[in-house]
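A quick write-up on the structure given underneath.
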Amino acid sequence: MPTRPDAVTVRAAAKVNLELLVGPRDEATGYHELATVFQAVSLTDDVTLSHAPATSLTVEGRGAEHVPTDAGNLAWRAAELVADRAGVDHADLDAIRGVAIAIRKDIPVAGGMAGGSADAAAALVAADALWGTALGADELTAMAARLGADVPFSLLGGTAVGTARGDVLTPAMVRGTYHWVFAFSDEGLSTPRVFAELDRLRAERGEQVAAPRASEALLAALLAGDAEAVGRHLRNDLQEAALSLQPRLAETLAVGEECGALGGIVSGSGPTTAFLARDREHALHIAVGLAASGAAADVSRATGPVPGARLLDNRKDK
Ligand code: C5P
C-alpha cells in the first residue's frame, strides 16, 4: 500500500507562449482553436497540502491579495477532483476528510503566465501523493483538462506544442536554455476578455481565420538551439487585443526592443510582456533597462525550459 505523508509540497512553473495562433471560435463551447508553443520557465509557485478536518486555502506572495481563497480557486477544485476520484476506489474514506492548501506565489496573478493553472496542476499532483491515489499521468492529465485549457501543460512542463484548446500536447525537441525577462503590469487582464476583444477586432475587419498550425520555422529554431531565430519567430495573435485593452504595453515592448532583446511579446493573454535574451548577462541588461524606464511595475528574470508540476522532497530540497 502506498505511504500517506502528513504534508506534500509541489512546485509548478509559469509558462510563456513562444507562439500563440488563434483560430476560429467554436460557437458551441466559446473556446477558440489554438496552435501554440508553450515553454515552462523558472518562475514558480509552491503548493503545500496537508490533512485537515475541513478544506481551507491560504495564499501568500506576489499578488496574493487578488487570489480567491474559496472553492472558486482552481487549486481547491483540483483537490476536490482527486478526492472524488479517491472516494470511488478507496474503502478507507476516513483518510479523506479535508485538506489545508497553502499556496506560495511568485507567478503573477492574471498575468498571462498560467499562474492559476500552475497552482491547479500542483494541487492535483500533491493531492494524489497526499492520499496515495497513484492516479498516473493519463488520469491526471484528463483531470487537468477539465480544470482549464492550460492546466495539462502546467503538469507536463518543458516545451510543447498545444492544439485544440491548447490542451492536446506534443512535447517539442529543444536544445539549450533560453534566458527570459518578464515585465509585469500592475493591473491584470482577464483571459476571456482578451479573447473577446480579438473576436471584436477581427469582426470589425471582416477577417476570416483558418485552422492554425504551429510554425515549422520556430520548431526548427528550437531544435537547433538558435535563440536569435527563436526571437525572430515569437508571435502572439492575442497581443493586438491585449494592447487594445492596455495600450501602455506598447511602450514596455518598445523599451525591451531598445534594450536589444532578441524578441519581445505579450505573454499569453497578457499583460505580462516577455523578452528573449542571448544569455544571462544580456537578460540582466534588459531587466535593468526595463526597470529604469519605469515602463513596468516589476521585472523578473527566468530561464526555460523547466519541468512541470513536481514533488519537492521535504526531507532534502534539491
Ligand atoms: O480554460 P480556461 O478556463 O483557462 O480558459 C479561460 C477562457 O479563455 C475561456 O473561458 C475562453 O474565454 C478563453 N479561451 C478560449 N480558447 C481557448 C482557451 C481559452 O477562448 N483555446
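The figures that follow rest on heavy atoms only: side chains count, while hydrogens, waters and symmetry mates do not.
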Salt bridge (Lys or Arg N to Asp or Glu O under 4.0 Å) pairs touching residues 223-235, sequence neighbours excluded, are Arg235-Asp237
Under 4.0 Å between a Lys/Arg side-chain N and an Asp/Glu carboxylate O for [X] and [Y]?
X      : Y      : answer
Asp119 : Lys105 : yes
Arg213 : Glu19  : no
Glu204 : Arg202 : no
Glu207 : Arg200 : no
Arg104 : Asp45  : no

Using modelled atom types and a 3.5 Å cut-off, is there a donor and acceptor pairing between side-chain atoms of [X] and backbone atoms of [Y]?
X      : Y      : value
Asn73  : Pro68  : yes
His233 : Leu219 : no
Gln39  : Val16  : no
Arg175 : Gly225 : no
Ser42  : Thr303 : yes
His179 : Arg301 : no
Thr141 : Ala137 : yes

With a 4.5 Å cut-off on side-chain heavy-atom distances among I, L, V, M, F, W and Y, is there a chain of contacts connecting [X] to [Y]?
X      : Y      : answer
Val266 : Leu189 : no
Leu74  : Leu140 : yes
Val41  : Leu276 : yes
Leu169 : Leu155 : no
Ile103 : Val82  : yes

Check the pair Ser267, Thr272 against side-chain hydrogen bond (donor to acceptor under 3.5 Å, both in side chains), reporting the backbone distance first and the verdict last.
CA-CA 6 Å; Ser267 176; Thr272 304; 5.8 Å; no
Is the shortest side-chain heavy-atom distance between Leu218 and Leu18 below 4.5 Å?
yes
Would you mind reporting whether Ser244 and Leu201 have side-chain heavy atoms less than 4.5 Å apart?
yes
Looking at [X] and [Y], what are the two nearest heavy atoms and their distance?
X      : Y      : answer
Ala129 : Leu311 : CB-CD2, 4.0 Å
Tyr31  : Ala149 : CE2-CB, 4.2 Å
Pro305 : Thr159 : CB-OG1, 3.5 Å
Leu43  : Pro108 : CD2-CD, 4.0 Å
Glu251 : Ala295 : OE2-CB, 4.0 Å
Ala144 : Pro152 : CB-N, 3.7 Å

How far does [atom1] of [X] sit from [atom2] of [Y], to the nearest 0.5 angstrom?
X      : Y      : atom1 : atom2 : answer
Asp150 : Met113 : CG    : CE    : 11.5 Å
Ser154 : Leu147 : OG    : CG    : 10.5 Å
Arg310 : Leu312 : CZ    : CG    : 6.0 Å
Thr36  : Leu20  : OG1   : CG    : 4.5 Å
Ser300 : Leu290 : OG    : CG    : 11.5 Å
Arg165 : Glu33  : CZ    : CD    : 12.0 Å

Between Arg77, Glu139, Met143, which is the residue that forms a side-chain contact (heavy atoms from CB on, under 4.5 Å) with Leu124?
Met143
Step by step, work out the side-chain hydrogen bond (donor to acceptor under 3.5 Å, both in side chains) result for Thr44 and Asp106.
CA-CA 6 Å; Thr44 54; Asp106 204 20; 5.8 Å; no
Take atom [atom1] in [X]; do more than 12 heavy atoms of anything else shown fall under 6.0 Å from it?
X      : atom1 : result
Arg248 : CZ    : yes
Asp6   : CG    : no
Glu281 : CD    : no

Evaluate salt bridge (charged side-chain N to carboxylate O under 4.0 Å, His left out) for Asp298 paired with Arg62, printing each intermediate quantity in order.
CA-CA 11 Å; Asp298 199 3; Arg62 193 195 300 275; 2.8 Å; yes
Pairs meeting criterion ring-ring contact (aromatic ring centres under 6.0 Å, His included) with involvement of residues 145-176, two or more places apart:
Phe38-Phe153
Between Thr69 and Thr58, is the side-chain contact (heavy atoms from CB on, under 4.5 Å) condition met? List the steps.
CA-CA 6 Å; Thr69 54; Thr58 58; over 6 Å; no
Looking just at side-chain N and O atoms, do Thr9 and Thr48 make a donor-acceptor pair shorter than 3.5 Å?
yes
For a quick check under 3.5 Å, do Asp128 and Thr133 share a side-chain donor-acceptor pair by atom type?
yes
